[in-house]
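Worksheet for the structure shown next.
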Amino acid sequence: QMSRVIVLVDMDCFYAQVEQRDKPSLWGKPVGVLQYSANGQSGLIAVSYEARPFGVKRGMTANQCKELCPDIEICLVPQGEYADKADIQKYRDASAEVFAVLGSIDSRIILEKASVDEAFLDCTAYVESRVTKVREETIQRLLDPACLPTSFIVDGKEDEKDEDETEDEEETVDEEARLKRKNERIEMIRKRKIEEFIEKCRFDDEFLKIALAAEFAERLREKVREKTQFYCSAGVGNNKTMAKLVCAAHKPRKQSFIPPGSEVDVLRNTKVSSVRGLGGKLGRSLTERLGINTMGELYRTPSSVLTATFPDNAPWLMQIARGEDYDKVDSRVLQRNLGVGKNFPGTMAIYTNMNAKFWLNGLTKELRKRMADDKIKHRRLAQKVVVHVTTDVSTSKSVKVGATEEKEGRLFEKLWPVMQSMRKGPGEGWKPPIFNISLSAGRFLEGLPSKENSIIGWVERRTKQLEEMEGKDAVEKLNRDAAAEEKRRLEREEMGEEEGEGEEMEGIFMVDNLDDDDDDDCLIVE
DNA sequence: ATTATAGCGCA
DNA sequence: TGCGCTATA
Ligand SMILES: Nc1ncnc2c1ncn2[C@H]1C[C@H](O)[C@@H](COP(=O)(O)OP(=O)(O)OP(=O)(O)O)O1
Ligand SMILES: [Mg+2]
Ligand SMILES: [Mg+2]
């Protein structure tokens with residue numbers, strides 16, 4: 001089949017950049033983002049590039065990283081409102097800003113949200129439409145050094161000759177000058193390789209399509225930077241696996257692409273564990289059972305051996321080793337489910353009925369807030385909530401269905417019995433002890449009942465105004481304010497009795513009236 | 001390390 | 001469809 005052109009965009013030290021933007025004095029400084037949990041368990045979940053040369057790594061405690069990098073600035077992940085837990089909403093909001101840019105460029109591009117900070121883009125249709133343009137003009141444009149200013153070719157021949165540091169013959173006293181000359185040489189090699197690549201584009205459309213996607217990615221990244229202040233990196237390849245792999249080759253603030261046909265060379269010395277899908281048990285068992293450490297070794301393993309050892313995975317493994325991957329870019333920017341959860345490790349485990357109820361209650365409130373946000377923002381309602389309880393040995397899980405629509409206010413009453421059904425022990429105690437509770441809402445039904453439309457309509461009009469006047473941040477806040485109001489409405493409903501439709505409508509009318517008060521952002525006037 | 005998501009195979 | 005399990009950020 002026709003070859004595809006895939007781009008993977010991944011934000012650089014994403015949460016750290018969010019904190020740097022929040023507090024601009026942190027730009028250019030070593031920054032770590034620390035996730036607390038009052039358990040005393042806490043670790044870094046993001047580390048700025050300035051801190052990485054010190055050896056600071058994700059997972060380290062504040063003390064550990066202070067030892068390696070005394071000047072590191074530690075930022076804390078916000079805490080939840082209802083439960084003593086981390087709340088990463090601010091990073092989701094920042095992610096939404098980035099995706100607004102990614103989705104606004106060209107309607108022919110298929111966009112898949114792969115995580116809070118990365119996206120796959122299928123640019124095939126877009127580049128196909130540009131391959132047909134006058135070739136010489138395109139080539140001249142691409143040859144301009146300003147066209148691919150942060151691009152690197154990755155062909156698997158990197159450590160052949162002068163590419164890496166061949167130490168200077170002469171003894172230099174001036175460390176700075178030495179470094180400068182080294183960088184100049186790296187930049188020279190970079191430019192030469194790009195030129196070689198572009199020259200191939202004259203007669204080879206496969207090369208040209210990659211180059212056009214790289215040009216596109218340069219512009220896209222610049223636009224992300226303009227609109228959000230965040231830097232990112234990108235990888236370009238013929239499939240998701242290669243795009244993702246090559247993105248990591250040059251980071252931060254850079255992008256990389258593979259000359260068509262060099263995939264196997266790029267993979268040759270790649271550790272299996274760094275390939276998407278092989279970072280876990282499968283990759284480990286490749287090493288343990290067949291002694292395979294690199295993708296080159298996997299490539300050379302006879303298919304009979306692979307089939308005998310991994311019958312289910314052998315076909316996929318052989319494709320991936322050849323640099324082939326037929327996984328499609330799935331046009332999807334919204335999450336399929338949303339959840340909250342908390343660990344209770346070791347001695348923090350939950351042993352009592354009361355404690356179980358306490359945490360389920362807090363987590364339910366956090367979930368309900370998320371559901372209210374999602375409802376306003378995406379106009380959809382979760383049809384299913386899953387309660388997951390991890391105990392001693394077996395991780396038990398149970399689900400709960402039921403039209404959650406409009407019943408969010410009674411969520412806890414619904415979930416508590418589900419949770420109790422997982423209790424084995426009688427009386428006050430809870431057996432077996434619980435090490436994790438997580439809740440997740442999903443199976444969304446698109447669209448809202450028409451009775452919802454008043455508040456939605458208000459948000460829509462207000463969104464337009466704010467976008468013009470104040471930008472994306474204000475819009476995110478507006479959505480949350482509206483969700484908060486929605487939540488309060490549900491709480492009133494929960495409190496009490498039948499609760500008149502009148503009061504409800506009144507709240508919304510008041511909101512409606514606010515429309516003309518153009519300087520008032522507040523939704524609630526009670 | 002902790003807290004999120006997504007997707008697969010099986011019954 | 002529910003559940004356990006795997007993989008990833
Ligand atoms: N294991 C984890 N647990 C919790 N949060 C995580 C974990 N891994 C990553 N995150 C969060 C914080 C990261 O800033 C964000 C994006 O992850 P990721 O892209 O892997 O790293 P990064 O963006 O911090 O650095 P890089 O520049 O290497 O991409 O997701
Ligand atoms: Mg990243
Ligand atoms: Mg990432």
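So you know, we letter chains A, B, ... as the sequences are listed, proteins then strands, and number each from 1. Just so you know, these numbers use all the heavy atoms, side chains as well, and skip hydrogens, waters and symmetry mates.
- The shortest side-chain heavy-atom distance between A:K240 and A:E112 falls under the 4.5 Å cut-off.
- OP1 or OP2 of B:dA4 sits under 4.0 Å from a side-chain N or O of A:K85.
- Note on A:V33: nothing from the nucleic acid sits closer than 4.0 angstrom, heavy atoms only.
- Toward the 5′ end of DNA chain B lies the nearest nucleotide of A:Q35, the other residue of the pair A:Q35 and A:L338 mapping further downstream.
- Taking atom NZ of residue A:K240 and atom P of nucleotide B:dA6, one finds them 12 Å apart after rounding to whole Å.
- Distance A:L34 CG to B:dT2 P: 12 Å, rounded to the nearest Å.
- When the side-chain nitrogen and oxygen atoms of A:R336 are compared with OP1 and OP2 of B:dT5, none of them lie within a distance under 4.0 Å.
- Taking 4.0 angstrom as the limit, A:R276 places none of its side-chain polar atoms (N or O) nearer than this to OP1 or OP2 of C:dA9.
- A sub-4.0 Å separation between OP1 or OP2 of B:dT2 and a side-chain N or O of A:Q41 is present.
- For the pair A:M60 CE and B:dA1 C1', the interatomic distance rounds to 11 Å; values are reported in whole Å.
- The phosphate of C:dG2 has OP1 or OP2 within less than 4.0 Å of a side-chain N or O from A:K384.
- Residue A:L282 is classed as a sugar-phosphate contact, given heavy-atom separations below 4.0 Å to backbone atoms only.
- At a threshold of 4.0 angstrom between heavy atoms, the contacts of A:S396 are confined to the sugar-phosphate backbone, with no base atom among them.
- Both cation-pi conditions hold for A:R52 and A:Y49: the charged atom is under 6.0 angstrom from the six-membered ring centre and inside a 45 degree cone around its axis.
- OP1 or OP2 of C:dT6 lies within a sub-4.0 Å distance of a side-chain N or O belonging to A:K281.
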Practice problem: I would like to know whether A:V272 and A:M295 meet side chain to side chain contact (heavy atoms under 4.5 Å, CB included); could you show each step before the answer? | Solution: CA-CA 5 Å; A:V272 293; A:M295 294 304 286; 3.8 Å; yes

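- A straight line from CZ of A:R58 to P of B:dT2 spans 15 Å, rounded to a whole angstrom.
- Spacing between atom CG of A:N337 and atom P of C:dG2 amounts to 13 Å, rounded to whole angstrom units.
- With C:dG4, C:dA9, B:dA6 as the choices, the nucleotide that has an atom nearest any side-chain atom of A:Q335 turns out to be B:dA6.
- In this model, no donor atom of one side chain and acceptor atom of the other lie less than 3.5 Å apart for A:H250 and A:S151.
- The side chain of A:K244 contributes no N or O atom lying less than 4.0 Å from OP1 or OP2 of C:dA7.
- As judged by a 4.0 angstrom heavy-atom cut-off over every strand, A:V340 is placed among residues touching the sugar-phosphate backbone only.
- A:F344 has its CZ atom 8 Å from the P atom of B:dT3, to the nearest Å.
- Residue-level contact check: A:R284 touches neither bases nor backbone, having no heavy atom under 4.0 Å from any strand.
- Contacts of A:G59 with the nucleic acid, taken as non-hydrogen atoms under 4.0 Å apart, include base atoms.
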Quiz item: Going through the checks in order, is the side-chain hydrogen bond (donor to acceptor under 3.5 Å, both in side chains) test met by A:R92 and A:Q89?
Solution: CA-CA 5 Å; A:R92 287 193 195 96; A:Q89 190 58 40; 2.9 Å; yes

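- As rounded to whole Å, 15 Å separates atom P of B:dA1 from atom CZ of A:F435.
- In this structure, OH of A:Y91 is placed 15 Å from P of B:dT5, rounded to the nearest angstrom.
- Nucleic acid contact for A:L278: sugar-phosphate only, since backbone atoms but no base atoms lie under 4.0 Å from a heavy atom of the residue.
- Salt-bridge formation is detected for the pair A:K369/A:E366: a Lys NZ or Arg NE/NH1/NH2 atom is positioned less than 4.0 Å from an Asp or Glu carboxylate oxygen.
- Residue A:S398 is classed as a sugar-phosphate contact, given heavy-atom separations below 4.0 Å to backbone atoms only.
- Within the nucleic acid shown, A:V399 comes within 4.0 Å of sugar-phosphate atoms alone, with no base atom in reach, counting heavy atoms only.
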